[in-house]
Chemist: 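Encoded as structure tokens, here's the structure I'll be asking about.
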Protein chains: 2
Amino acid sequence: MSRGRIDKRQAILEAAFRTFARDGYGQSCVREIAAEAGVAKPTVYNHLGDKETLFREAMQAAVGRTTADALAALEWLREPDGEVRDALENAGYWLLRSHCCADFQALRWLLHAEAARFPDLLDDFQRNGAERLHEALADRLARLALGGRLNIGDPDRAGEQFLALLTGPMERRSRLATREVPDTELRSLARAATDTFLCAYAAS
Amino acid sequence: MSRGRIDKRQAILEAAFRTFARDGYGQSCVREIAAEAGVAKPTVYNHLGDKETLFREAMQAAVGRTTADALAALEWLREPDGEVRDALENAGYWLLRSHCCADFQALRWLLHAEAARFPDLLDDFQRNGAERLHEALADRLARLALGGRLNIGDPDRAGEQFLALLTGPMERRSRLATREVPDTELRSLARAATDTFLCAYAAS
DNA sequence: ATCTCTTTGAACCCGGCGGTTCAGTAAGCG
DNA sequence: CGCTTACTGAACCGCCGGGTTCAAAGAGAT
């Protein structure tokens, strides 16, 4: 307990992310974050010291949380027993779900909005989030191609296009995270993306 | 000239968009906008009355400017004489260029960042920008399908996927508008998107 | 030249927020 | 019981930015 009780710190970070996600960085005042955490304002400064580092800490925690979800969706592509089509569709569906959840949407929004003020956070997200997902997806697709279940020349490009076919139409439906996309729509989006993807990359 | 000289108003709006695009809404102070426009601060308030309406006016002008560019790219799909592949690739390339230009990137960034404070602006952009592009693209594709040059069941879905295949990979390359994407890369992105699109929708 | 309307610059008010200080309190611990 | 450490609440400072006011200075038209 070098710097106060550890649970208070945790509560502050969670409250901070909630508040930032709701109001944005500029519109969130530390008073409110402290209130949301059920804590006095000096306690916040005692633990985190600064509004900037408070933001950084809260965001980095969120990056770790959300990337795990996205990577987990790729497990559907690990040595599927049945049809490749089903595996792709399921993976696509869960990828869409992970991209739809409130935390992920808020994270993307904040990173994008504050990219000028916090370029390092954006870098961190690209490297430890987006790029790791692309790599893992390319790996899975390469395995499937090697096993003769897909016909892929460039796994990186194929993965990129699969993600694009999934998330592009979804962002149109969600209207930049303004609208909640119902589950049945997510399913049909995953199906449409899989259909087109397989037209291009099905095993010959 | 009900409210002062008309050219001053124009200069103020242009300076406003430049400043907002550079620093964001919250970080732009009216002092700076006035200075950028070569005008005194009360003049700004005399013409636009408010920082909010200043923002609204500047943004709506930008929406009109940029959507025209995107729609112009679709002219490549109007009754192509040569190969459909070439028409698609050219249209894709120019669509990417229009999505890459500084104004469009800034517009998207500002809309996304301030969506909570200005939901009406986002609505306007969706209706008069994004949706009109989707409709026009679907129309072009339907024509090509009717002429037997493509094999498309649902033109709306096909257009959506074409745009996704274009912009998805590009946004990865541009790292949320942080990096300038070179022209040759845009070309190869358009080619890759066209290839995959044609695998799914080439005339049988 | 005169009248009117716009513009200017500078000062000013006001509210909000980041960050600090401080006296007091609760809690764990010997 | 006393010591230490964490926490609280409230007041406080300084700064900045939106918006206004006002007297003085152009600039156009007749």
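Throughout, a chain's letter reflects where its sequence line sits, starting with A, and its residues are numbered from 1.
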Chemist: Return the value, rounded to whole Å, for the distance between atom CG of B:Leu54 and atom P of D:dG17.
Modeler: 16 Å
Chemist: Applying side chain to side chain contact (heavy atoms under 4.5 Å, CB included), run through B:Glu89 and B:Trp76 and close with a yes or a no.
Modeler: CA-CA 9 Å; B:Glu89 206 177 306; B:Trp76 288 94; over 6 Å; no
Chemist: Between B:Arg97 and B:Asp183, does any NZ, NE, NH1 or NH2 come within less than 4.0 Å of an OD or OE carboxylate oxygen?
Modeler: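 Counted as a salt bridge, because a side-chain N and a carboxylate O are separated by less than 4.0 Å.
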Chemist: Rounding to an integer number of Å, can you tell me how far B:Lys51 NZ sits from C:dC14 C1'?
Modeler: 16 Å
Chemist: Mapping A:Gln27 and B:Arg31 to their closest nucleotides on DNA chain C, which lands nearer the 5' end?
Modeler: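 Going by which nucleotide is closer to the 5' end, it is B:Arg31.
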Chemist: Does atom CD of B:Gln27 have more than 12 heavy-atom neighbours from other groups under 6.0 Å away?
Modeler: yes
Chemist: Would you call the rings of A:Phe20 and A:Phe55 parallel, tilted or perpendicular, where under 30° means parallel and over 60° means perpendicular?
Modeler: perpendicular
Chemist: Is B:Arg132 paired with B:Glu135 through a side-chain N to carboxylate O contact shorter than 4.0 Å?
Modeler: no
Chemist: Would you please confirm or rule out a distance under 4.0 Å between OP1 or OP2 of D:dT8 and any side-chain N or O of A:Thr43?
Modeler: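 A:Thr43 to D:dT8 OP1/OP2: side-chain N or O found under 4.0 Å.
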Chemist: Please check the phosphate of D:dC7 (OP1 and OP2 only) for any side-chain N or O of A:His47 closer than 4.0 Å.
Modeler: yes
Chemist: Taking 4.0 angstrom as the limit, do B:Arg56 and B:Asp120 come out as a salt bridge?
Modeler: yes
Chemist: Summarise protein proximity over nucleotides 20-28 of chain D in one line of letters, 5' to 3': B for base, S for sugar-phosphate only, - for none, counting protein heavy atoms closer than 4.0 Å.
Modeler: BB-------
Chemist: Figure out the CG/P separation between A:Asp7 and D:dC7, and round it to whole Å.
Modeler: 8 Å
Chemist: Mind listing the side-chain donor-acceptor pairs of residues 30-42 of chain B below 3.5 Å, one per line with the distance, residues two or more places apart or on another chain?
Modeler:
residue: B:Glu32; atom: OE2; partner: B:Arg22; partner atom: NH1; Å: 3.4
residue: B:Glu36; atom: OE1; partner: B:Arg22; partner atom: NH2; Å: 3.0
residue: B:Glu36; atom: OE2; partner: B:Arg18; partner atom: NE; Å: 2.8

Chemist: From CZ of B:Arg117 over to C1' of D:dG18, roughly how many Å is that when rounded to an integer?
Modeler: 12 Å
Chemist: Answer with base, sugar-phosphate or nothing: what part of the nucleic acid does A:Gly38 contact at a heavy-atom distance below 4.0 Å?
Modeler: sugar-phosphate
Chemist: Looking only at side-chain N and O atoms, does B:Lys8 come under 4.0 Å of OP1 or OP2 in C:dC5?
Modeler: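 Negative; the distance criterion is not met.
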Chemist: Kindly point out which of D:dT8, C:dC17, C:dT8 is positioned nearest to the side chain of A:Cys29?
Modeler: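 From the listed options, C:dC17 comes nearest.
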Chemist: Is the side chain of B:Arg149 donor-acceptor paired with the backbone N or O of B:Pro80 at a distance under 3.5 Å, no angle test?
Modeler: yes
Chemist: From CZ of A:Arg9 over to P of D:dA6, roughly how many Å is that when rounded to an integer?
Modeler: 14 Å
Chemist: In whole Å, I'd like the distance from the OH atom of A:Tyr25 to the P atom of C:dC17.
Modeler: 13 Å
Chemist: Donor-acceptor pair, B:Trp109 side chain versus A:His112 backbone, under 3.5 Å?
Modeler: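 Checked: pair present.
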Chemist: Which of the following nucleotides, C:dG19, D:dC7, D:dG18, is nearest to the side chain of B:Val30?
Modeler: D:dG18
Chemist: Listed in order of residue number, which residues of residues 10-22 of chain B have a non-hydrogen atom at under 4.0 Å from DNA chain D?
Modeler: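 Nucleic-acid contacts, sorted: none.
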Chemist: Let me know the distance between CD of A:Glu52 and P of C:dG18, rounded to the nearest Å.
Modeler: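 After rounding, the gap between these two atoms is 12 Å.
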